[in-house]
Amino acid sequence: MRNDEIAGMLETLANLLEFKGENPFKLSAYRRAARVLRDQTEDVATLVRENRLKDLPGIGESIEKKIVQALTTGKIEKLTEVLKAVPPGVLRMMEIPGVGPRTAAQVHEKLGINTLQEFTRAARSGKLAGVPGIGAKKAEGFLGAIKFAKASSRRMLLGEALPLAERIVAQLEERGVRGALAAGSLRRMCETIGDIDILAAGSASGKIIGAFTKLPEVRRVLGAGGTKASVVMESGVQVDLRVVPPESFGAALQYFTGSKAHNIRLRAMARGRGLKLSEYGVFRGNRRVAGRTEEEVYRALKLPLIPPELREDRGEIEAAQKGALPKLVALGDIRGDLHVHTKWSDGRNTIEEMARAARALGRKYIAISDHTRALKIFGGLDVDGLMKEIAAVRAAAKKLRGIALLTGTEMDIRADGTLDLPDAALAKLDFVTASVHSAFRQDKEKMTQRILKAIANPNVDCIGHLTGRLLGRREGYAVDVEAVLKAAARNGTAVELNANPLRLDLTDQACRRAKELGVQVVINTDAHSTEDLQLMRYGVATAQRGWLEKSNVLNARATPPKGKSGGK
DNA sequence: GCCGTTTTCGGCCCGACTGTTTTCAGTCG
């Protein structure tokens, strides 16, 4: 059973117990444990086998027992028990925005409602409005929420959310709102974003809220008070705006950036020091001792400023206390792009066009890396084609100043782990990336062996998009990431962090594991057009979330890499 | 249920908005 499956069971358990009115602190204990499990790159099964499960924060005796149960029997006894006692539809009901455990319990007790369908019917018929705490307005609101949830349950990609937020901030600026910033999971550069949080400083909050709710792309105003407003944009995305006084801006930015887990830790630390931390500042009694900037807030807690990308309660607070925060790689450190497609396979631009566009972005080298023959539908090259492309790359290189062109390929790893072109051809190339593009449904053992075989080949410099996931569309293939990273470390093979916002593969946590194991990460755009070369920012952001420093990133080196086997 | 610079027992983050309840509970972030 996968980590996220067990985490999901613990979360369900928490939700059900919440419905039953169980001690709220017990629930947060389950939820915290679930989050810690999701954060692990190592399989829970491994941790159990090596008796290291209880080393994880938030996992004690009782939860350990439940995890072991899940692994050995596929079930958690307590969950099974509670599932029997709670009507199955209440979890669905609690997913409606505005319906929490208390409301769900009331509706169940007073009206005997057990399913989302019954809930919807009761809301329409007016029955729901008779339940204590629910009036006509709330019932109507629930109906709207149900309809809306059906239309837009999907999370946005970082690559969609960031440009949208930047557009909204620019529009606010045109209307006289200065210094607005996106906070939330977007500022932490999470791979997917639920909704967008924007923060503005100012005293004329009514004016700012008014400007915001009247922006051209706003479809519906969900709510607007004195300091905050929520709207739904034409695209279906929810955007929240908060307006705070300048003396609280840093504290608010800190608070609304999160993560929740990070903030809870900070607030507990503040309490320990006799302080109170809220979105309005750090207070000693009634006196505000910090709040104008984030630096101030962290300093009041005797911490250096922690970069937003690290704020997940994954050890960044402890590192900050020890003065051991990583010096994160930055977009400006990136010198090359080692995975770029052209018209020679399925790219839209020529070698020269890609090179010029990369040079304009400040890249010093790129590796032309087209597909190989197994991907015939994508124009994959055979040996003959590849040799011709090498000649074309060299010819283009002669014409261009200021950027080096490397010969390369995105070599297909076939289902049996053999490579799509012979070693003699690969040996002629400057940089070989090898990727899986077929037989995604192989079991974990087979898939892992397949990739390990490619890693062992001295001509393979890097493994491309390791899990093959497409966010929101396709699960990654089953592969033992830990085993692959360890083999990469042994063989001196690099691993790709594919910067395409649909992939971001390696994940942040896998990047961090690569760093621990001493594996070099290559951040590539996998560009199929000149515009795609700009996707690098998303890859760098994910690398930052993975604690990577410049020295961990192969294409942050000033000179092009010559492959693990040395100059070819 | 977890955990220990406040603790092996007694804590566990804080505030805004909404609707409805005439003084606040529930939900959300």
Side-chain angles (χ1 to χ4, degrees), chain A residues 10 13-15 17-19 21-36 53-67 76 78 93-107 128-142 144-145 183-186 193-199 205 209 221-230 238-244 248 251-252 254-283 301-302 313 318 321:
Chain A
L10 291 175
L13 183 54
N15 291 341
L17 291 176
E18 190 169 24
F19 172 80
E22 181 62 86
N23 175 4
F25 298 109
K26 194 184 277 195
L27 311 174
S28 22
Y30 283 131
R31 288 184 176 133
R32 177 169 184 221
R35 189 183 65 80
V36 168
L53 194 53
K54 272 177 76 181
D55 296 347
L56 299 180
I59 296 183
E61 211 160 314
S62 162
I63 293 184
E64 181 190 38
K65 222 169 105 190
K66 291 181 174 66
I67 292 172
I76 295 175
K78 173 128 187 200
M93 276 157 55
M94 281 164 63
E95 281 169 16
I96 304 167
V99 178
R102 310 297 316 149
T103 306
Q106 279 281 7
V107 169
L128 209 57
V131 174
I134 303 180
K137 229 170 168 173
K138 266 196 182 174
E140 197 184 322
F142 292 152
S185 55
L186 181 53
I193 312 293
D195 45 49
I196 294 176
D197 287 304
I198 295 185
L199 206 62
S205 64
I209 298 269
V221 179
L222 296 175
T227 63
K228 71 177 231 185
S230 296
Q238 182 173 332
V239 183
D240 297 338
L241 173 77
R242 334 251 165 179
V243 185
V244 294
S248 295
Q254 194 290 313
Y255 174 65
F256 288 112
T257 296
S259 66
K260 190 176 172 137
H262 177 88
N263 287 356
I264 288 173
R265 289 286 312 279
L266 288 194
R267 289 191 174 192
M269 279 179 69
R271 282 175 67 99
R273 294 177 175 278
L275 300 167
K276 189 185 68 169
L277 171 61
S278 78
E279 56 263 52
Y280 292 101
V282 182
F283 294 87
L301 302 175
K302 300 275 183 285
D313 189 22
E318 290 75 8
Q321 283 171 327

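Every chain is numbered from 1 and lettered A, B, ... according to where its sequence line falls, protein lines coming before strand lines. Here the structure is a predicted model, which is why all the values come from computation and not from measurement.
- Remark: A:Glu140 CD is loosely packed, at most 12 non-hydrogen atoms of other residues, nucleotides or ligands lying under 6.0 Å away.
- In terms of position on DNA chain B, the residue among A:Asp197 and A:Gly225 whose nearest nucleotide sits closer to the 5' end is A:Gly225.
- Residues forming a side-chain hydrogen bond (donor to acceptor under 3.5 Å, both in side chains) with A:Glu18 (at least two apart in sequence, or on another chain): A:Arg31.
- Using a 4.0 Å heavy-atom distance criterion, A:Pro57 is classed as a sugar-phosphate-only contact.
- We find that CG of A:Leu128 is positioned 14 Å from C1' of B:dT20, with the value rounded to whole Å.
- Summarising the geometry, the separation between CG on A:Asp240 and C1' on B:dT27 is reported as 14 Å, rounded to the nearest angstrom.
- Between B:dG10 and B:dG15, the two C1' atoms lie 25 Å apart (nearest whole Å).
- As rounded to the nearest Å, B:dT20 and B:dG26 have C1' atoms that lie 11 Å from one another.
- Between the C1' atom of B:dC3 and the NZ atom of A:Lys54 lies a distance of 12 Å, rounded to the nearest Å.
- Nearest approach of A:Asp197 to A:Gly184, heavy atoms of both residues: OD2-CA, 4.0 Å.
- For A:Phe142, the ring pair (Phe, Tyr, Trp, His ring centres under 6.0 Å) partners are A:Phe119, not counting sequence neighbours.
- A heavy-atom distance below 4.0 Å to DNA chain B is reached by these residues of residues 98-105 of chain A, ordered by number: A:Gly98, A:Val99, A:Gly100, A:Pro101, A:Arg102, A:Thr103.
- Pairing of B:dA25, defined by two Watson-Crick or G-U wobble distances under 3.5 Å, is identified with B:dT18.
- At a threshold of 4.0 angstrom between heavy atoms, the contacts of A:Gly141 with the nucleic acid are absent.
- Considering every non-hydrogen atom in both A:Ser278 and A:Ala251, the closest pair reads O-CB, 3.7 Å.
- In this structure, the nucleotide among B:dC2, B:dG15, B:dC28 sitting nearest to the side chain of A:Pro97 is B:dC28.
- Using a 4.0 Å heavy-atom cutoff across all strands shown, A:Lys66 reaches sugar-phosphate atoms only and no base atom.
- Comparing B:dC13 with B:dT18, their P atoms are spaced 26 Å from each other, to the whole Å.
- The interatomic distance linking A:Met269 (CE) with B:dC3 (C1') rounds to 16 Å, in whole Å.
- Residue A:Ala14 comes nearest to A:Tyr30 through the heavy atom pair CB-CB, 4.0 Å, listed as atom of the first residue, atom of the second, then distance.
- Interatomic distance, A:Ile264 CD1 to A:Met269 CE, rounded to the nearest 0.5 Å: 14.5 Å.
- Between A:Lys138 and A:Ile63, the one whose closest nucleotide on DNA chain B sits nearer the 5' end is A:Ile63.
- Counting any heavy atom pair closer than 4.0 Å across all strands shown, A:Ala139 reaches no nucleic acid atom.
- Proximity note for A:Arg242 (side chain, C-beta onward) versus B:dC2, B:dG29, B:dT20: the nearest is B:dG29.
- Here, B:dT7 and B:dC2 have their C1' atoms 13 Å apart, quoted to the whole Å.
- Comparing B:dC14 with B:dT6, their P atoms sit 15 Å apart, to the nearest whole Å.
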At under 4.0 Å between heavy atoms, how does the protein contact nucleotides 5-13 of chain B? Give one character per nucleotide, 5' to 3', with B, S or -.
-S-----BB
A:Val107 vs A:Ile134, test: side chain to side chain contact (heavy atoms under 4.5 Å, CB included). Steps then yes/no.
CA-CA 9 Å; A:Val107 169; A:Ile134 303 180; 4.0 Å; yes
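- Counting any heavy atom pair closer than 4.0 Å across all strands shown, A:Ala251 reaches no nucleic acid atom.
- One interatomic measurement links the two molecules: CD of A:Glu140 to C1' of B:dT20, which rounds to 15 Å at whole-angstrom precision.
- At distances below 3.5 Å, at least one donor-acceptor pair connects side-chain atoms of A:Asn263 with backbone N or O atoms of A:Tyr255.
- With both ends at atom C1', the span from B:dC12 to B:dT8 equals 16 Å, rounded to whole Å.
- Between the P atom of B:dG26 and the CZ atom of A:Phe142 lies a distance of 13 Å, rounded to the nearest Å.
- A:Ser185 and A:Gly194 get closest at one heavy-atom pair: OG-N, 4.4 Å.
- In this structure, A:Ile96 reaches the sugar-phosphate backbone alone: every heavy-atom distance under 4.0 Å involves primed, P, OP1 or OP2 atoms, never a base.
- Of all non-hydrogen atoms in A:Leu199 and A:Ala252, the two that sit nearest each other are CD2-C, 3.6 Å.
- Counting only heavy atoms from C-beta outward, the side chains of A:Thr103 and A:Lys138 never approach each other to under 4.5 Å.
- Comparing the C1' positions of B:dT5 and B:dG1 gives an interatomic distance of 23 Å, to the nearest angstrom.
- Put simply, CG on A:Leu17 is 13 Å from P on B:dC2, counting in whole angstrom units.
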What side-chain donor-acceptor pairs closer than 3.5 Å can you find for residues 54-67 of chain A, not counting sequence neighbours?
residue	atom	partner	partner atom	Å
A:Ser62	OG	A:Lys66	NZ	3.0

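- Within residues 27-36 of chain A, the residues having any heavy atom closer than 4.0 Å to DNA chain B are, in order of number, A:Ala29, A:Tyr30.
- Among A:Lys228, A:Arg267, A:Arg242, the one residue that satisfies the salt bridge (Lys or Arg N to Asp or Glu O under 4.0 Å) test with A:Glu279 is A:Arg267.
- One interatomic measurement links the two molecules: CE of A:Met94 to P of B:dG26, which rounds to 13 Å at whole-angstrom precision.
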